[in-house]
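Worksheet for the structure shown next.
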Amino acid sequence: MSANHEWAVCIGRFQPFHAAHLAMLREALRLAPRCAVLVGSAHNARSPRNPFTFAERVETIRLALTEEERARVEFIALRDVYDQKRWVASVRKEMARLTGSPNARIVLVAHRKDPTSEYVDDFSPGWPVHDVGRQGEVHGKALRAALFSADTTEGGLAAISSQVPPGTIDFLRAWTQLPFFARLREEWRELAVENDKWAGSPYPPVLVTVDAVVRVGDEVLLIRRGRVPGKGLLAVPGGFIEQRETAYQSALRELQEETGFELLPQEMEHACKAMRIFDHPDRSQRGRVITHAFYFELGDRMRPEIAGSDDAEEARWVPIAELPSLEDQFHDDHFHILDSFLGITPA
């Protein structure tokens, strides 16, 4: 244990917690007397990519530790932001709150696996980085695939048993008996069939979509998705761009198709206040999907009539003040899209 560090920090999604995570955590406990485990995607809806809640992930991590180790570990829930500067600032703020000081001696324990790991350098020079290197060929995505693709639960657990702590296997055995597991497995399989259609492509596909954030007064227009992925979850109206349309034209078309919302073209042009691109590599379960989100602000007026159709099983106006309580019911990064335009969470 180093006398130079008061705290070690480990950051991950832990979907699920596996042997490489445990090795990283034990290295963190070797480096400092206390360790903070920052759990990402903590407020997301259940999905094949994020099947486990924050509380469930905390429990699997604690099951892998000794009693002495548990006493030295604290857990922090992290929101997905997809804005690296803002995300780094939120991590620093959470650690200052936990340690009681913005100047605590902290070491960041991590592994630079790909461009999504560049965030580790944003904590320098304040937090030195301890790179643990690759801890074997263990990947959360492959473990989830083994669990969801297996013909039987026991077969899936057997396939991953050598790569996760025993406590994780015990947890998963009980977890797979809960009613939402069948829904997640079916959604994973439908997505796998969709992705297999691109198997003959010479390059990995990059898909382009559009979304429409429509505000009237203090309410915003949302849909409840009627199809996989995210069936039953809340979202903003949107969909794939058409071959002969601009992004703006596609956004208006999708808005009308999914909600019946339609105003004169001049009104929509006047109401369009901003367009932002959301392109984080992990923002969509479909794979690499880049969306163009348009923000329409119509002021205080009578709300246009709407009705869910096409890919939307429901369309409704939702008070903006209610959105924070609905965060864990949103599809993919749609809560973040709303937050970007409406300022729902603290800056």
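- Between atom CD of residue Glu59 and atom OG1 of residue Thr168 there is a gap of 10.0 Å, rounded to the nearest 0.5 Å.
- For the pair Val216 and Pro304, the minimum side-chain heavy-atom distance is below 4.5 Å.
- Separation of atoms CD1 (Ile160) and CZ (Arg144) is listed at 11.0 Å; rounding is to 0.5 Å.
- Atom CD1 of Ile169 sits about 12.0 Å away from atom CG of Leu63, to the nearest 0.5 Å.
- Here the closest non-hydrogen pair linking Gln84 and Tyr119 is NE2-CA, 3.6 Å.
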Chi angles and distances behind the salt bridge (Lys or Arg N to Asp or Glu O under 4.0 Å) call for Glu190, Lys231: CA-CA 12 Å; Glu190 288 192 39; Lys231 184 178 181 179; over 6 Å; no
Donor-acceptor contacts, no H, no angles, side chain residues 74-83, under 3.5 Å, sequence neighbours left out:
{"residue": "Glu74", "atom": "OE2", "partner": "Arg34", "partner atom": "NH2", "Å": "3.0"}
{"residue": "Arg79", "atom": "NE", "partner": "Glu327", "partner atom": "OE1", "Å": "3.4"}
{"residue": "Arg79", "atom": "NE", "partner": "Glu327", "partner atom": "OE2", "Å": "2.7"}
{"residue": "Arg79", "atom": "NH2", "partner": "Glu327", "partner atom": "OE1", "Å": "2.9"}
{"residue": "Asp80", "atom": "OD1", "partner": "Ser41", "partner atom": "N", "Å": "3.1"}
{"residue": "Asp80", "atom": "OD1", "partner": "Ser41", "partner atom": "OG", "Å": "3.2"}
{"residue": "Asp80", "atom": "OD2", "partner": "Ser41", "partner atom": "OG", "Å": "2.9"}
{"residue": "Asp80", "atom": "OD2", "partner": "Asn44", "partner atom": "ND2", "Å": "3.1"}
{"residue": "Asp83", "atom": "OD1", "partner": "Lys85", "partner atom": "N", "Å": "3.4"}
{"residue": "Asp83", "atom": "OD1", "partner": "Arg86", "partner atom": "N", "Å": "3.3"}

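- Side chain of Ser340 to backbone of His336: no donor-acceptor contact under 3.5 angstrom is found.
- Contact check for Leu65 versus Leu22: side-chain heavy atoms found under the 4.5 Å cut-off.
- Side-chain atoms of Glu262 and Met268, non-hydrogen and from C-beta on, never get closer than 4.5 Å to each other.
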Side-chain donor-acceptor pairs of residues 234-241 under 3.5 Å, sequence neighbours excluded:
none

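- Residues Leu338 and Phe330 form a side-chain contact, since some pair of their non-hydrogen atoms from C-beta on lies under 4.5 Å apart.
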Derivation of the salt bridge (Lys or Arg N to Asp or Glu O under 4.0 Å) call for Arg30 and Glu27: CA-CA 5 Å; Arg30 185 187 70 81; Glu27 179 66 3; 2.6 Å; yes
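- When all heavy atoms are compared, the tightest approach of Ile223 to Glu258 is CD1-OE1, 3.3 Å.
- Ring-plane geometry between Phe14 and Phe17 is classed as tilted, the angle between the planes lying from 30 to 60 degrees on a 0 to 90 degree scale.
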Intermediate values then yes/no, salt bridge (Lys or Arg N to Asp or Glu O under 4.0 Å), Arg227 and Glu313: CA-CA 8 Å; Arg227 297 180 185 175; Glu313 67 178 33; over 6 Å; no
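- How far CG of Asp339 is from CG of Leu323: 9.5 Å, rounded to the nearest 0.5 Å.
- In this structure, the side chains of Trp127 and Arg92 come closer than 4.5 Å at one or more pairs of heavy atoms.
- Classification of Glu94 and Arg97 as a salt-bridged pair holds, one side-chain N sitting under 4.0 Å from a carboxylate O.
- Counting only heavy atoms from C-beta outward, the side chains of Asp131 and His111 approach each other to under 4.5 Å.
- With a 6.0 Å radius and a threshold of 12 heavy atoms from other residues, nucleotides or ligands, Arg301 has its CZ atom above the threshold.
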Salt bridge (Lys or Arg N to Asp or Glu O under 4.0 Å) between Arg72 and Glu69, intermediate numbers included: CA-CA 5 Å; Arg72 296 165 56 197; Glu69 289 170 333; over 6 Å; no
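- Summarising the geometry, atom NE2 belonging to His334 is positioned 5.5 Å from atom CZ belonging to Arg283; distances are rounded to the nearest 0.5 Å.
- Looking at heavy atoms from C-beta onward, Phe261 lies out of side-chain contact with Phe296 at the 4.5 angstrom threshold.
- Under the 30°/60° scheme for interplanar angles, the aromatic rings of Phe181 and Trp175 are found to stand perpendicular.
- For the pairing with Pro48, the side-chain contact (heavy atoms from CB on, under 4.5 Å) check across Leu147, Val228, Leu184 returns one residue only, Leu184.
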